[in-house]
S.K.: 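Sharing a structure below in structure tokens format, with a few things to ask.
Throughout, a chain's letter reflects where its sequence line sits, starting with A, and its residues are numbered from 1.
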There are 2 protein chains.
Amino acid sequence: MKIGELAQVAQCTVETVRYYEKEGLLSAPARTRANHRSYGECHVERLRFIRNCRALDMTHAEIHTLLGLMDQSAADCGGVNQLLDEHIAHVDVRMAELSQLKQQLSELRQRCQSEQTMDACGILQGLASMETGPRHERQTHLG
Amino acid sequence: MKIGELAQVAQCTVETVRYYEKEGLLSAPARTRANHRSYGECHVERLRFIRNCRALDMTHAEIHTLLGLMDQSAADCGGVNQLLDEHIAHVDVRMAELSQLKQQLSELRQRCQSEQTMDACGILQGLASMETGPRHERQTHLG
DNA sequence: GTTGACCCTATAGGAACTTTAGGGTGTGCA
DNA sequence: TGCACACCCTAAAGTTCCTATAGGGTCAAC
């Protein structure tokens with residue numbers, strides 16, 4: 001099958017498929033005489049796997065690791081389990097961060113209930129006077 | 001004051017200050033004879049404001065809008081309130097997304113409790129067989 | 001006169017793509 | 001035969017919010 005068909009069955013764009021090939025997540029397929037990429041069933045499976053990982057917000061690095069672990073088929077799946085646990089921990093951290101953010105934003109929003117003049121607006125006053133410490137390092141790759 | 005001092009009081013780096021100037025968030029200050037940037041109190045206030053907005057994960061576009069609303073001082077602060085409400089909505093959306101993600105990941109993790117062979121690993125089986133729809137457009141700028 | 005802390009500009013990198021520019025291929029229809 | 005049109009190709013730039021690097025200038029103290 002050609003790239004457009006592959007992209008369609010894997011629910012992504014043609015550009016994304018080519019990008020994954022360049023990144024080494026998807027192996028380069030055979031070409032037709034016209035130099036068009038020609039894919040088989042194993043490519044479909046691999047791409048579906050990658051898209052599922054991405055749907056779970058794994059990074060390319062994580063996916064790369066996972067694919068590597070799978071391909072050395074002798075080993076047990078302890079590494080897979082560990083990677084997933086770490087990824088779940090990332091999600092937990094980000095959820096906690098957002099929860100705190102929501103709290104701060106809600107408190108700020110409380111400070112202006114009606115349409116004041118700019119000078120009287122409690123939100124702007126809050127934004128001007130907040131004391132945030134130095135920006136903390138990002139704990140996870142989840143934005 | 002010079003850029004290093006400004007950066008210090010606003011808890012950010014010198015590079016970030018120069019970057020904000022290039023982005024139009026912070027106005028270009030006067031220069032000394034040696035071509036060094038020379039800032040006043042109003043720059044300190046503006047930069048503190050920007051850093052507080054960033055601490056709340058607002059984008060540069062949002063901050064730009066907010067600064068614009070503030071500078072046309074005649075208007076009321078309805079626009080400010082609205083922007084904040086929308087930003088809070090972004091955070092809510094992202095929290096809901098992450099919550100669903102956590103759920104999926106936890107279910108996946110359940111599928112392999114011990115160190116299996118690769119073929120038997122329920123996590124890998126799950127990742128291969130999940131059916132995710134087309135990747136939804138990102139609803140928020142919060143990763 | 002030279003060390004060191006600070007300042008300057010311009011450019012590249014990172015993540016995971018998307019978009020654009022500028023072309024080639026293959027099939028159906030008049 | 002000619003041509004429109006959907007599809008394919010590569011390479012490079014743009015997105016966001018910075019951070020890091022290269023290669024240099026300024027100023028005070030010792």
S.K.: Using a heavy-atom cut-off of under 4.0 Å over every strand shown, decide if B:T59 touches base, sugar-phosphate, or nothing.
M.R.: sugar-phosphate

S.K.: Check the interface with nucleotides 4-8 of chain C: list each N/O to N/O pair with the protein under 3.5 Å, or write none.
M.R.:
residue, atom, partner, partner atom, Å
C:dC7, OP1, B:G4, N, 2.6
C:dC8, OP1, B:R37, N, 2.9
C:dC8, OP1, B:R37, NH1, 2.8
C:dC8, OP2, B:R18, NH1, 2.5
C:dC8, OP2, B:R37, NH1, 3.4
C:dC8, O3', B:R31, NH1, 3.4

S.K.: Hey, is the side chain of A:Y20 poking within less than 4.0 Å of OP1 or OP2 on C:dC17, counting only N and O atoms?
M.R.: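 Checking A:Y20 against C:dC17: at least one side-chain N or O falls below 4.0 Å of OP1 or OP2.
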
S.K.: Can you list the steps and then say if B:E5 with B:K2 is a salt bridge (charged side-chain N to carboxylate O under 4.0 Å, His left out)?
M.R.: CA-CA 6 Å; B:E5 203 181 334; B:K2 285 197 280 184; over 6 Å; no

S.K.: How many Å lie between CE on B:M58 and C1' on D:dC18, as a whole number?
M.R.: 18 Å

S.K.: Quick check: do B:C121 and A:M70 have side-chain heavy atoms less than 4.5 Å from each other?
M.R.: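 The answer is no, as the side chains (C-beta and beyond) never meet within the 4.5 Å cut-off.
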
S.K.: Write out a two-atom table: protein N or O, nucleotide N or O from nucleotides 19-24 of chain D, distance below 3.5 Å.
M.R.:
residue, atom, partner, partner atom, Å
D:dT19, OP2, B:T13, OG1, 3.4
D:dT19, OP2, B:T16, OG1, 2.7

S.K.: Short question: side chain of B:R31, backbone of B:A34 - any donor-acceptor pair under 3.5 Å?
M.R.: no

S.K.: How many whole angstroms separate atom CZ of A:R33 from atom C1' of D:dC7?
M.R.: 17 Å

S.K.: Do other residues, nucleotides or ligands put more than 12 heavy atoms under 6.0 Å from B:E23 CD?
M.R.: yes

S.K.: Could you state the CD-C1' distance from A:E21 to D:dC9, rounded to the nearest angstrom?
M.R.: 12 Å

S.K.: Atom CD1 of A:I50 and atom P of C:dC17: how far apart are they, to the nearest Å?
M.R.: 10 Å

S.K.: Heavy-atom count check: over 12 atoms from other residues, nucleotides or ligands less than 6.0 Å from B:H60 NE2?
M.R.: yes

S.K.: What closest approach, in Å, do B:I123 and B:L108 show between heavy atoms, and which atom pair accounts for it?
M.R.: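 Taking every non-hydrogen atom into account, CG1-O, 3.4 Å.
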
S.K.: In whole Å, what is the span from the CG atom of A:L142 to the P atom of C:dA16?
M.R.: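 Checked: the CG to P distance equals 10 Å.
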
S.K.: Assess, by modelled atom type and distance only, whether the side chains of B:Y20 and B:R51 contain a donor and an acceptor separated by less than 3.5 Å.
M.R.: yes

S.K.: Identify whether the distance between the nearest side-chain nitrogen and carboxylate oxygen of A:E21 and A:R18 falls below 4.0 Å.
M.R.: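 A salt bridge is absent here (no side-chain N lies under 4.0 Å from a carboxylate O).
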
